[in-house]
Colleague: 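Handing you this structure, nothing more for now.
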Amino acid sequence: MSLRVAEAVAGQLRAKPDSCLGLPTGRTPLGCYQVLAQWSRLGSLDWRSATCFALDEYINVADEMSFAHYLETNIFRYTNLPADRQFTPLAVDDYESLIRRAGGLDLILVGIGHNGHIAFNEPGTPKLSWTHCTWLTESTRQANAALFGSEDRVPTMAVTMGVQTILTARRVLLIASGQQKHGILQRALADGVNSDVPASFLQEHPHLEVFTDFDFDRNSR
Ligand code: PGA
């Protein structure tokens, strides 16, 4: 799965070297970033003209636990992506304008949370949402407790691209790893569109590509 996702991202960068990419954090994209890092180190992938936007960022978090740090250590440091074209929504007044001025997102990579969130668009987030601050749900904080040592150390707030920000991307790559994501992916893609499962809004995107490392057929139950 990681190789196929990496091939899709690399293909995008080769076809359009000045691509704007939306990049997630979390466990799911780590393998893909490893492959991309390897290709970049070998010089077969050129990020010089690309622009990258983090999907989200915690508010009030130690630097080393931030998503900016995650992206730097897992992918950016291995590439020739210029530092002034790496963006995070944290210190930006108007992320939407920034993305628009960069030409709009050509490709966005998104994971899915156990509760159906995409980026930090938690259940209940409306479709018409742009970059915003949000409280994290208990289930999201539980899911990330191990990374922080305990749930009470997980930040309570974050800033995230909205559902609409994600839907404006020209291509959306949804990635899910581990059988335990099967049920929520099924709800997101096979049931109706519903803000209880924000990932279900992706059904409305004309260029959604789904990558899993388990058998998944959205038409079967
Ligand atoms: P994960 O997170 O990749 O660590 O499972 C996915 C998400 O919460 O969006």
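Below, each value reflects all heavy atoms present in this structure, side chains not excepted, and no hydrogens, waters or symmetry copies. Remember, it's 1-based here, ligands and their atoms both numbered in the order they're listed.
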Colleague: May I have the step-by-step check of side chain to side chain contact (heavy atoms under 4.5 Å, CB included) for Thr156 and Leu136, ending in yes or no?
Modeller: CA-CA 5 Å; Thr156 52; Leu136 299 178; 5.9 Å; no
Colleague: Heavy-atom distances under 4.0 Å are what count here, so tell me which part of His117 touches ligand 1: side chain, backbone, both or neither.
Modeller: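 The answer is the side chain of His117.
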Colleague: Could you walk me through whether Leu21 and Leu109 pass side chain to side chain contact (heavy atoms under 4.5 Å, CB included), step by step?
Modeller: CA-CA 8 Å; Leu21 307 177; Leu109 202 55; over 6 Å; no
Colleague: Out of all atoms in ligand 1, which are within 4.0 Å of some heavy atom of Gly26? Include the element for each.
Modeller: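 What qualifies from ligand 1 is 3 (O), 4 (O).
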Colleague: Below 30° counts as parallel, above 60° as perpendicular, anything between as tilted: where do the rings of Tyr70 and Tyr33 land?
Modeller: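 Because their plane-to-plane angle is over 60°, the rings of Tyr70 and Tyr33 count as perpendicular.
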Colleague: Closer than 4.0 Å to some heavy atom of Thr28 - which atoms of ligand 1 meet that?
Modeller: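 Those of ligand 1 that fall under 4.0 Å from Thr28 are 1 (P), 3 (O), 5 (O).
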Colleague: Check Ile112 against ligand 1 and report side chain, backbone, both or neither, counting heavy atoms closer than 4.0 Å.
Modeller: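 Ile112 to ligand 1: backbone contact only, side chain stays beyond 4.0 Å.
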Colleague: Looking at ligand 1, does any of its N/O atoms fall within less than 3.5 Å of an N/O of Lys181?
Modeller: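 Looking only at distances, the answer is yes, because the N/O contact criterion of under 3.5 Å is met.
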Colleague: Decide side chain to side chain contact (heavy atoms under 4.5 Å, CB included) for Leu208 and Val210; before the verdict, give the C-alpha distance in whole Å, the side-chain angles of both, and the deciding distance to 0.1 Å.
Modeller: CA-CA 7 Å; Leu208 173 67; Val210 183; 4.1 Å; yes
Colleague: Could you go through the side chain to side chain contact (heavy atoms under 4.5 Å, CB included) check for Phe211 and Thr28 one step at a time?
Modeller: CA-CA 11 Å; Phe211 297 81; Thr28 314; over 6 Å; no
